[in-house]
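Report on one structure; see the data block that follows.
In what follows, residues are counted from 1 in the order of the sequence shown. Small disclaimer: the values here were computed from a predicted structure and weren't measured.
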Amino acid sequence: MPQVQMKEPKEKHVISRKPLQNSLMNHQQQQQQQQRQPPSSSPDSLPSSSSSKYCLQENKKKSTTSVCRRRRKKCRGKMMNSTTTDHHDVLHHHHHHHQVETMKHQTENHDLSLISSSIPVSSKGLMFQRRPGFGQLGTKCIVKANHFLIELSDNTDLIHYDVTIMPDVSSCGMNRAIMAELIKVHRETDLGMRLPAYDGMKSLYTAGLLPFTSKEFNVIILQKHDGTELTRELEFKVIIKFVARIELDHLRQFLAGKIADAPHDAIQVLDIVLRELPRQRYLSIGRSFYAPDIRRSRRLGDGLQSWCGFYQSVRPTQMGLSLNIDNSSAAFIEPLPVMEFVAQVLGKNILSQPLSDADRIKVKKSLRGVKVEVTHRENVRRKYRVSGLTSQTTRELMFPVDEQMNMKSVVEYFQEMYGYTIQYSHLPCLQVGNEKKANYLPMETCKIVGGQRYTKRLNDKQITSFLKVTCQRPREQEMGILQTVRQNGYDQDPYAKEFGINISDKLASLEARVLPAPWLKYHDSGKEKDCLPQVGQWNMMNKKMINGSTVNYWACINFSQSVQENTVRGFCQELAQMCQVSGMEFNREPVMPIYSARPDQVEKALKHVYDAALNKLKGKELDLLIAILPDNNGSLYGDLKRICETDLGLISQCCLTKHVFKLSKQYLANVSLKINVKMGGRNTVLLDALCWKIPLVSDIPTIIFGADVTHPETGEDTSPSIAAVVASQDWPEVTKYAGLVSAQAHRQELIQDLFKTWHDPQRGTVTGGMIRELLISFRKATGQKPLRIIFYRDGVSEGQFYQVLLYELDAIRKACASLEPNYQPRVTFVIVQKRHHTRLYANNHKDRSSTDKSGNILPGTVVDSKICHPTEFDFYLCSHAGIQGTSRPAHYHVLWDENNFSADEIQSLTNNLCYTYARCTRSVSIVPPAYYAHLAAYRARFYMGPEVPENPKKRHTHFTSNNGSCVRELPALKENVKKVMFYC
């Protein structure tokens, strides 16, 4: 991409910044001052720094008084007086600019020149944004959280010892067995009655000093030999050596908010101590524990069952240390005889008929990597891991018995060696062990070993069964967590007692606030011109889209053989009418008759319709393609989207057969919402945005980004990760988002293509990347360059915060600087997390005024105290109404904030944006830009297509990532697709 210079406006919008080394300390001191002085609530005063004043030049005079005068509150900011324009102009006012007096940046005497333009090379020098104060907006209420207060004895003394086991052992399980034997034998003597906690690797922790600084032990383990009752002695040498005393005073100061540096070592030790007993009782996977008898296991079908368990983690919070406990469920392979498992997977009797090639491939996929044990030997239960399935049946299978390559059949071998007669010789054998040295086991002689987690994708039937287990009403889930706490018996835990740890048996009770829903603006030609959502939802009755798009030329392809052409025609007519009623201009007649095609002819069908429309329209392209798909369509959906969006440049809307038959008005209304934004329209806008009233968005041109990375499923070791970035393309509405996608190295979390440079033979060094391209796109769409960036980043775990912030904030800075030397808009960087285990419950489940219809807390409930971080700027927000099960609040963590948001401002902005999601008339659970980025990344996985393309001209290019791995590049999105919300 050629380097594009953004033209200087008449008045420069430049924030001077000193080099980081000189400014980081000042920036940190300012953050500390913010903690001591709560931010001013006055929105109308101006910053003392003259460099932070902005004046937006008026291009054309326009008034928004017709939009705003129905609201009691006056719009924030000063508007130019002008004559009232018609509805059409009001709805497209984003092309014009108003003279707006900026709002104060919420911090007194804040010198913006001190905010650094880059970030430290080392994370040790970087301090995350400190909390600027607590939110006050909203209706106060009490909620409960699944956090249980941990109290430490004043006498608790944590000591760290290093453990060396010789010879080396690669298994944590064996390490634990060795240390358990050592503690059993030596606790009352050499260990001075201490009960240590062990991490399974190199570290041992005690509550007080051992009687030695270093000591060597000999440990003998009795191990069962090869699945038999016979045992053998294994001898190990264990050296335990003093390392250090872990200071708890540092932890206490951190929890009190006096220091910002978290003592991860002390928190980790306490976590290990409290996991020691559950680890001995249950199967440990990650931070969760499972057992078939914690709660009754349920069959999921196709040889799987669900196990219930619990998640447990020690977390630092404002109320002190807390133990976060949550219900957990996972799919496990049922410990069945292999024959029964195979029959369930195939859904048919296998006792008499041989397997087809398709059946054999399906069974091979299901069993690969699964551990089995043999059952044909009386006292021997030897275990093997399945590596494959033989292509021959058992009766045909021969193998060499000696170096002279004398062959023997598997049937003969089992008869002679074990006196076992194989009954089902028409079935293939399991191939186990090393692939180089093949070992064959008849299916009927094997049973699946229990306790193996199933990590592949569940099918629809299994998902339905699994949801019946996991989907619990809030009250049921709360009772289940309390039952887990009672079952775990922390008050009787010998390790907790040893280390002076006391855990409350009551859920944390905390103050929350319910933020008000925002007013939404619809077109003035509708009966209802604006709307105040009730309990997180509303509808399109009597409303018209604020910016209805136009569909002049459209066509329909029917890929479903079960739907007649006249049914499809009727469906399309109803959809076109719904689009018109909702505020779009939609031609009732298609460009050509409905075209029917087989699903395996998707590319041929799409190109035929595309070319036929092009000829009929004399060079004009289709606006929209409607595709009717079978309910179970395999790869059809993905292939269609890939061809339309990367090859033909077609915007498409897919509809399943079941919806065509049902013809629900609600479904048609939702589809019309999707079509409108795909065609470049807007469904609704925040009224405060049109009134220029959103703090730290309406004052100066602001762009809001959303970013996410999706990784391939477990077991896919070569597939790339997909990064997606979306950015708002309208201001002040911040409703339309353009999206870009990129492939990167497998499991790479840092977004590699935010900013990039490369060498071009003709142009020399060229700069590009997703941030740069979206900034240019914003400038073209609005006529303004963004002077503020709000970046919502999804999918980052706590352990990656530093790494992601360092890399991606630096990329944002470089992308901005590549457009203009002094172009450095202020950045707010917010992590969005849904994969956490904090749940919020109503204080009184019987009080219907404090819950929604599903029994969940009300949408807009925000918590920024007690269970949140002691010093950093984070909050939990439940922005959506529950449908079924227990709502999971989103966790927002502001890592970097040069715009000086107050708690109320960022919480309100985030909550209000959740009402602008384009695909439904409900507030959603995470902020829409992050949601859109997730949708775009998910869509882009379809673009990978087949590994070996049929057409050599379209062969995918490869590039080498930073870590040296080769990644297949995604095909480029067509230009017209990039500009709209194609991913909706």
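Contacts of S923 classified as side-chain hydrogen bond (donor to acceptor under 3.5 Å, both in side chains), with partners at least two apart in sequence or in another chain: none. Shown here are the side-chain hydrogen bond (donor to acceptor under 3.5 Å, both in side chains) partners of S879, two or more places apart in sequence or in another chain: there are none. Remark: A555 pairs with M592, V609, L622, L625 by the side chain to side chain contact (heavy atoms under 4.5 Å, CB included) rule, at least two apart or across chains. For the ring-ring contact (aromatic ring centres under 6.0 Å, His included) test, residues two or more places apart in sequence or in another chain that qualify with Y932 are Y737, Y917, Y983. K979 meets the salt bridge (Lys or Arg N to Asp or Glu O under 4.0 Å) test with no other residue; sequence neighbours excluded. By the side chain to side chain contact (heavy atoms under 4.5 Å, CB included) test, A890 is found to be paired with K834, Y892, I926, residues two or more places apart in sequence or in another chain being considered. For the salt bridge (Lys or Arg N to Asp or Glu O under 4.0 Å) test, residues two or more places apart in sequence or in another chain that qualify with K756 are D753. Evaluation of the side chain to side chain contact (heavy atoms under 4.5 Å, CB included) rule for N587 yields W554, E589 as partners, not counting sequence neighbours. Partners of E528 under the salt bridge (Lys or Arg N to Asp or Glu O under 4.0 Å) rule, at least two apart in sequence or in another chain, are K543. Judged as a side chain to side chain contact (heavy atoms under 4.5 Å, CB included), and not counting sequence neighbours, the contacts of T710 are D708, I722, H934, A937, R941. Listed by chain and residue number, E645 satisfy the salt bridge (Lys or Arg N to Asp or Glu O under 4.0 Å) test with R939 (two or more places apart in sequence, or in another chain).
In summary, the side chains of R772 and S818 do present a donor paired with an acceptor at a separation below 3.5 Å, with no hydrogens or angles considered. Looking only at atom types and distance, the side chain of Q729 has a donor-acceptor partner in the side chain of S777 under 3.5 Å away.
For the atom pair L809 CG and T828 OG1, the distance stands at 10.0 Å (nearest 0.5 Å). Summarising the geometry, atom CE belonging to M981 is positioned 9.5 Å from atom CZ belonging to R919; distances are rounded to the nearest 0.5 Å.
Here the side chain of D530 pairs no donor or acceptor atom with the backbone of Y522 at under 3.5 angstrom.
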request  = Could you go through the salt bridge (charged side-chain N to carboxylate O under 4.0 Å, His left out) check for R813 and E898 one step at a time?
outcome  = CA-CA 13 Å; R813 290 277 182 239; E898 295 169 346; 2.3 Å; yes
task = Given side chain to side chain contact (heavy atoms under 4.5 Å, CB included), test I771 with F705 step by step and report yes or no.
result = CA-CA 9 Å; I771 295 288; F705 284 91; 3.7 Å; yes
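Checking each of K693, R788, R826 against D699 for a salt bridge (Lys or Arg N to Asp or Glu O under 4.0 Å) leaves exactly one that passes, namely R788.
With a 6.0 Å radius and a threshold of 12 heavy atoms from other residues, nucleotides or ligands, F942 has its CZ atom above the threshold.
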Identify each donor-acceptor pair in which a side-chain atom of residues 789-796 lies under 3.5 Å from a protein atom, sequence neighbours left out, and give them as a table.
unit_1, atom_1, unit_2, atom_2, d
Y792, OH, T910, OG1, 2.8
R793, NE, E808, OE1, 2.8
R793, NE, E808, OE2, 3.2
R793, NH1, E749, OE2, 3.0
R793, NH2, E749, O, 2.7
R793, NH2, E749, OE2, 3.1
R793, NH2, E808, OE2, 2.8

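Side-chain atoms of L137 and S908, non-hydrogen and from C-beta on, do get closer than 4.5 Å to each other. Put simply, the side chain of I751 reaches to within 4.5 Å of the side chain of M770, judged on heavy atoms.
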